[in-house]
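Taking it in order: structure first as structure tokens, then the write-up.
Numbers restart at 1 for each chain; the letters A, B, ... are given by sequence-line order, proteins then strands.
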4 protein chains.
Amino acid sequence: MSPRTKEQNQAIRDRRISQIRHTAAEVFLEKGLRMEMGDIAEKAGLGRGTVYHYYNNKLELFEELLREAFQRSMNIIRETLQTEEAPEARLMNYVRAKLRSWVQEPMIFIMFLFLLQSTDPIPVSNPAELQREMEQLMEPVLDVIKQGITAGTLVAINPETMYKTLFGTLIGTANIFIRKNNIFGAPDQDTWINDVVYIVFNGFRNDV
Amino acid sequence: MSPRTKEQNQAIRDRRISQIRHTAAEVFLEKGLRMEMGDIAEKAGLGRGTVYHYYNNKLELFEELLREAFQRSMNIIRETLQTEEAPEARLMNYVRAKLRSWVQEPMIFIMFLFLLQSTDPIPVSNPAELQREMEQLMEPVLDVIKQGITAGTLVAINPETMYKTLFGTLIGTANIFIRKNNIFGAPDQDTWINDVVYIVFNGFRNDV
Amino acid sequence: MSPRTKEQNQAIRDRRISQIRHTAAEVFLEKGLRMEMGDIAEKAGLGRGTVYHYYNNKLELFEELLREAFQRSMNIIRETLQTEEAPEARLMNYVRAKLRSWVQEPMIFIMFLFLLQSTDPIPVSNPAELQREMEQLMEPVLDVIKQGITAGTLVAINPETMYKTLFGTLIGTANIFIRKNNIFGAPDQDTWINDVVYIVFNGFRNDV
Amino acid sequence: MSPRTKEQNQAIRDRRISQIRHTAAEVFLEKGLRMEMGDIAEKAGLGRGTVYHYYNNKLELFEELLREAFQRSMNIIRETLQTEEAPEARLMNYVRAKLRSWVQEPMIFIMFLFLLQSTDPIPVSNPAELQREMEQLMEPVLDVIKQGITAGTLVAINPETMYKTLFGTLIGTANIFIRKNNIFGAPDQDTWINDVVYIVFNGFRNDV
DNA sequence: TATGAATGAGGCTTCATTCAT
DNA sequence: AATGAATGAAGCCTCATTCAT
């Protein structure tokens with residue numbers, strides 16, 4: 001009878017939103033943008049209408065996931081790149097942390113894969129903002145790379161190419177080592193991270 | 001007057017099939033399995049029924065593309081790995097040829113990306129055969145890697161991990177450098193291939 | 001304000017299901033399996049999607065009708081054959097009730113005609129179950145026939161042949177007397193039931 | 001080089017037509033009006049175009065089959081009813097011959113079943129003519145029935161009802177005993193004809 | 001706030017028929 | 001006379017979204 005207080009309502013809202021976002025992440029992990037609103041609602045134990053009560057449409061929900069992936073990525077950058085260590089060490093920490101974070105929250109990995117692999121323009125309300133965010137993710141890494149080159153500890157290749165190659169390598173290998181059901185079968189244990197880091201930083205060739 | 005000869009008909013069929021396959025490859029490049037039969041027909045300047053005249057359904061057409069990708073890949077393997085050169089040189093040739101082929105026929109690249117990235121089981125009539133084919137693509141490369149390790153010119157990491165890392169790296173970097181419209185914008189000129197090969201084989205670190 | 005209660009929703013669902021089933025029966029009556037989901041939706045004043053909301057596909061809807069026909073037939077068997085009367089009398093009641101039921105619910109008649117006349121295998125999810133159900137419909141009648149033969153009131157022909165002939169006769173005559181638009185034009189009044197029963201039983205009855 | 005003579009052409013035409021008609025009958029037996037022109041062409045070893053060269057569309061081909069069924073039925077009537085025997089004997093001969101003919105040429109039986117069972121108006125170019133033909137099939141039998149009633153050897157029921165019941169019985173039982181794959185499984189041996197005739201006539205016959 | 005019933009646009013596929021050779 | 005390549009209308013089904021309660 002007595003209506004809920006504002007605080008109660010807000011608490012309900014927060015819980016629901018978190019519940020929906022969490023479930024959506026799971027479904028996005030499996031299906032990407034082919035995730036179905038019905039799936040999400042059912043898996044979250046909610047009615048379809050409820051999902052629409054909090055997100056006006058599928059793309060809004062997608063944008064929420066995108067935002068999440070962005071924030072997590074920024075956190076990793078903050079934690080690994082803004083230290084006092086040598087550039088190469090920082091870059092290495094970054095790579096390791098990135099891969100580990102993808103292993104732990106595959107949705108974030110999938111989101112980046114999706115961004116890379118999408119041919120259709122990414123369906124966000126503000127594409128320019130997305131562009132800016134991606135640059136915010138790139139810039140600090142690019143800086144470290146430049147510092148490493150200047151310091152002479154990283155090979156002197158065009159930094160941007162280097163960044164792209166690094167990012168591509170991470171995404172590509174993660175794709176193979178993280179995903180279940182791909183053509184290489186079940187993913188390996190996490191020891192692959194060390195191997196990948198080793199190869200990335202030392203190359204395949206054995207310099208005796 | 002008299003109906004077309006068998007040869008005339010076959011010629012028509014061959015032309016159409018090639019036309020449809022070609023168009024389908026283009027559309028697959030853009031949309032993956034979300035390619036629409038209507039798109040293909042329209043882009044080929046044909047009626048939808050005509051496409052179905054040659055392929056009973058979307059998946060048959062998909063399998064054709066898959067087959068094509070497989071054959072091209074086998075060709076590259078034959079041309080680069082079955083020579084008398086040193087293992088490392090052969091592997092390098094293979095990597096270079098692979099990237100170049102992906103640049104020239106992006107559909108083949110997309111097909112592999114699709115195979116890797118698919119969560120749903122790949123919709124082929126004979127999954128076991130697909131598995132076998134993938135192994136046929138992997139084995140020769142794996143052999144060269146083993147030979148390189150034995151010869152001491154490649155780092156002594158588990159060969160299968162090495163293969164996966166290599167393949168992941170190629171796919172991942174190609175994804176960034178080949179695709180238009182992804183978050184990194186228009187693809188670079190093909191000079192990136194040299195950089196990627198350099199990094200793959202020497203690593204990011206500058207070993208003074 | 002608050003969403004519908006479970007009971008309200010169930011009531012809606014029940015009403016819709018009954019409405020769709022009823023309409024589907026009408027359309028099946030006209031077209032058999034060539035009934036179109038669009039027809040059903042339109043005739044029921046619903047969107048096509050709504051029909052699919054309740055039945056996943058055409059065959060599920062068909063199976064519902066089949067189930068209904070089976071249940072009605074079992075009811076008739078229960079009501080007419082499981083009494084204390086003499087075998088011949090029971091069989092007569094059964095025949096009369098069967099024909100009357102077909103007159104009143106032609107869909108049920110059409111369903112049997114369809115089952116008999118189908119060359120393609122009947123598209124049910126569980127063919128074995130259908131087989132079993134058909135036997136459940138046959139057995140009690142077969143029993144009465146056997147009892148009648150033993151009692152000497154029915155002619156001593158192979159009971160199964162007798163059943164088939166009886167069933168065929170009922171279906172065949174009903175087909176002529178019930179259906180509109182067939183080559184014999186509009187159906188007769190229901191007095192034909194008496195005539196058919198008379199003819200049938202002056203055949204089956206053994207006039208010692 | 002030298003063009004064919006008129007006679008040669010006519011011979012070719014006749015052969016083709018017969019070939020197509022024969023094949024169409026086979027396919028109609030299996031699928032009724034759902035027979036596909038492609039099936040017919042393929043089964044006849046002809047191109048699709050060829051079928052259309054001789055029959056402008058599916059319905060023309062259907063009408064040909066209908067005409068054939070009609071003629072065969074008239075033949076039976078001529079052979080069995082227009083004799084000097086007693087009415088009941090003639091009727092019996094007719095029934096026997098009819099069932100036998102259906103056993104031997106099931107397509108004819110299927111055609112009648114189709115005519116009876118059709119809800120859509122029969123798709124012929126001249127419905128009135130079809131009506132007339134059906135009456136031509138009915139009349140002689142009706143006459144014999146009337147004669148039998150007058151002679152006191154058949155039960156005194158409305159002759160038209162009697163005809164319909166007789167016809168329904170024949171169609172209905174034939175449907176069960178002739179067709180493969182119906183719910184009663186494989187058809188019986190032909191001994192059923194005797195049983196059916198026995199049952200029918202112990203019903204129709206007036207046992208004074 | 002919460003729900004699920006209702007909907008229709010959109011994509012796949014079939015098959016009778018046309019038509020150029 | 002003979003053919004089969006080409007076509008599109010029509011039917012099935014999915015799923016994002018709306019809306020009454």
query: Where does the angle between the aromatic ring planes of A:F62 and A:F114 fall among parallel (under 30°), tilted (30 to 60°) and perpendicular (over 60°)?
result: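 Correct class here is perpendicular.
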field: Close residues, residues 11-21 of chain D, relative to DNA chain E [heavy-atom separation under 4.0 Å]
entry: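 Heavy-atom cutoff 4.0 Å gives no residues at all.
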- prompt: The side chain of B:Q8 lies closest to which of these nucleotides: E:dT21, F:dT7, F:dA2?
  reply: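 Of the options given, the side chain of B:Q8 lies nearest E:dT21.
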field: Which nucleotide in E:dT7, E:dA2, F:dT21 has an atom nearest any side-chain atom of C:R4
entry: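 So the side chain of C:R4 is nearest to F:dT21.
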What is the separation between atom [atom1] on [X] and atom [atom2] on [N], rounded to the nearest whole Å?
X: C:F62; N: F:dC12; atom1: CZ; atom2: P; answer: 15 Å
X: C:N9; N: F:dT21; atom1: CG; atom2: P; answer: 12 Å
X: C:K31; N: F:dA10; atom1: NZ; atom2: P; answer: 12 Å
X: D:I40; N: F:dT3; atom1: CD1; atom2: C1'; answer: 17 Å
X: A:Y55; N: E:dT1; atom1: OH; atom2: P; answer: 14 Å
X: C:L61; N: F:dG11; atom1: CG; atom2: P; answer: 17 Å

- prompt: Counting any heavy atom closer than 4.0 Å, what does D:Y54 reach on the DNA or RNA strands: base, sugar-phosphate only, or nothing?
  reply: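 Sugar-phosphate only.
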Please examine the side chains of [Y] and [X], heavy atoms only from C-beta on, and report whether any two atoms are closer than 4.5 Å.
X: A:I40; Y: A:R21; value: no
X: D:K6; Y: D:Q10; value: no
X: A:I108; Y: A:E68; value: no

- prompt: Is B:E64 atom CD crowded by more than 12 heavy atoms from other residues, nucleotides or ligands, each under 6.0 Å away?
  reply: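 Enclosed: over 12 neighbouring heavy atoms sit under 6.0 Å from CD of B:E64.
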Neighbour count >12 (heavy atoms, 6.0 Å) for atom CD, B:E26: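 More than 12 within 6.0 Å, yes.
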query: Taking it one step at a time, do C:I122 and C:L115 satisfy side chain to side chain contact (heavy atoms under 4.5 Å, CB included)?
result: CA-CA 7 Å; C:I122 310 294; C:L115 291 178; 3.8 Å; yes
query: Can a side chain N or O of C:T50 be found less than 4.0 Å away from OP1 or OP2 on E:dT7?
result: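 Checking C:T50 against E:dT7: at least one side-chain N or O falls below 4.0 Å of OP1 or OP2.
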- request: Return no unless some side-chain N or O of B:H53 is found under 4.0 Å from OP1 or OP2 of F:dA5.
  value: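 Yes, because at least one side-chain N or O of B:H53 sits under 4.0 Å from OP1 or OP2 of F:dA5.
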task: Could you walk me through whether C:L61 and C:M37 pass side chain to side chain contact (heavy atoms under 4.5 Å, CB included), step by step?
output: CA-CA 9 Å; C:L61 190 40; C:M37 294 305 259; 4.1 Å; yes
Reading 5' to 3' through nucleotides 12-18 of chain E, protein heavy-atom contacts under 4.0 Å coded B for base, S for sugar-phosphate only, - for none: SBBSBBB
query: Is F:dT7 paired to anything, Watson-Crick or G-U wobble with both distances less than 3.5 Å, and if yes, which nucleotide?
result: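 Looking at the geometry, F:dT7 pairs with E:dA16.
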query: For F:dT21, what is the paired nucleotide under Watson-Crick or G-U wobble rules, both distances under 3.5 Å?
result: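 With both distances under 3.5 Å, F:dT21 matches E:dA2.
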Worked verdict on B:R13 versus B:R16 for side chain to side chain contact (heavy atoms under 4.5 Å, CB included): CA-CA 5 Å; B:R13 290 185 64 80; B:R16 279 283 176 269; 5.8 Å; no
